[in-house]
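As structure tokens, the structure follows; a few thoughts come after it.
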Amino acid sequence: AQTVTQSQPEMSVQEAETVTLSCTYDTSESDYYLFWYKQPPSRQMILVIRQEAYKQQNATENRFSVNFQKAAKSFSLKISDSQLGDAAMYFCAYSSNRDDKIIFGKGTRLHILP
Amino acid sequence: ETGVTQTPRHLVMGMTNKKSLKCEQHLGHNAMYWYKQSAKKPLELMFVYNFKEQTENNSVPSRFSPECPNSSHLFLHLHTLQPEDSALYLCASSQDTGRPGFYEQYFGPGTRLTVT
């Protein structure tokens, strides 16, 4: 069965600094997607970035980038120039291209220190 | 209204009550989902609807009863709940089911349910 593990329940970073959130996953599939979702205090889950397993190039979205290590089954999220609005729960997630389920990790709560 | 909306935002109910959660999507999508988010646990998929037809029931107890009258509206009817059912219930929608990497799911803000 596929699993997603986020080993850091909470993290803090100084405003304007860079922070990396860790995620590992387990699957026997070769065709899948990985995601990072953000859930701010408003509770609305927002997709931050996605990575297709077949693409070797790491995905980037403005200040957000990932380090996708397929062999190690690792998918970390780097947030550069952290802003107060980045404070949220961040969920790593996985989906196989063979079905419609998204498997989520337990989340990492990110605090931004002014 | 834009995106995915959910009402009410907060709900407190006794174990013998009957209540309903409502979700509405304004995105023209065909698929809708119910998720349960409990403290310290990963988000769990409960139900999936595509073109008003239920395509997935993830072993959810019968005290949760979904209803999808059209592609824009999704309800979750609740009756004789248990305290362990207290959680955040999130609704989502997508253009179609299958391949979440291709059909992005858009989430609502959730209903915080407390069962006393």
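The chains referred to below are lettered A, B, ... by the order of the sequence lines, with proteins before strands, and numbering in each begins at 1.
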query = Most heavy-atom pairs under 4.5 angstrom with chain B, which of Ile102(A), Ile46(A), Val4(A)?
reply =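 Ranked by heavy-atom pairs under 4.5 Å with chain B, first place is Ile102(A).
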Single-linkage hydrophobic cluster, 4.5 Å side-chain cutoff, [X] and [Y] together:
X	Y	value
Leu21(A)	Val48(A)	yes
Leu45(B)	Phe64(B)	no
Met45(A)	Val66(A)	no
Leu78(B)	Met46(B)	yes
Leu21(B)	Val4(B)	no

Between chain A and chain B, which N/O donor-acceptor pairs sit under 3.5 Å?
unit_1: Gln39(A); atom_1: OE1; unit_2: Gln37(B); atom_2: NE2; d: 2.9
unit_1: Gln39(A); atom_1: NE2; unit_2: Gln37(B); atom_2: OE1; d: 3.0
unit_1: Ser42(A); atom_1: O; unit_2: Arg9(B); atom_2: NH2; d: 3.3
unit_1: Arg43(A); atom_1: NE; unit_2: Pro109(B); atom_2: O; d: 3.0
unit_1: Arg43(A); atom_1: NH2; unit_2: Arg9(B); atom_2: O; d: 3.1
unit_1: Arg43(A); atom_1: NH2; unit_2: Gly110(B); atom_2: O; d: 2.8
unit_1: Gln44(A); atom_1: NE2; unit_2: Phe107(B); atom_2: O; d: 2.7
unit_1: Arg50(A); atom_1: NH1; unit_2: Gly101(B); atom_2: O; d: 2.6
unit_1: Arg50(A); atom_1: NH2; unit_2: Glu104(B); atom_2: OE1; d: 3.2
unit_1: Asp99(A); atom_1: O; unit_2: Arg99(B); atom_2: N; d: 3.4
unit_1: Lys101(A); atom_1: NZ; unit_2: Glu56(B); atom_2: OE2; d: 2.9

task = Count the heavy atoms belonging to other residues, nucleotides or ligands that lie under 6.0 Å from NZ of Lys70(A), then report whether that count exceeds 12.
result =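 More than 12 heavy atoms, drawn from other residues, nucleotides or ligands, come within 6.0 Å of this atom.
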ask   = Considering heavy atoms only, which positions within residues 13-20 of chain A lie below 4.5 Å of chain B?
value =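 So far as heavy atoms go, nothing in residues 13-20 of chain A approaches chain B to under 4.5 Å.
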message = Tell me every residue that passes side chain to side chain contact (heavy atoms under 4.5 Å, CB included) with Pro41(A), counting only those two or more places apart in sequence or in another chain.
response =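 Per chain and number, Pro41(A) pairs via side chain to side chain contact (heavy atoms under 4.5 Å, CB included) with no residue.
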message = If I measure from the heavy atoms of chain A, does Leu43(B) come under 4.5 Å with its side chain, its backbone, both, or neither?
response =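 Contact with chain A is through both the backbone and side chain of Leu43(B).
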key: Fellow cluster residues of Phe51(B), listed by chain then number, with links counted only when side-chain atoms sit under 4.5 Å apart   =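 None; Phe51(B) is a cluster of one.
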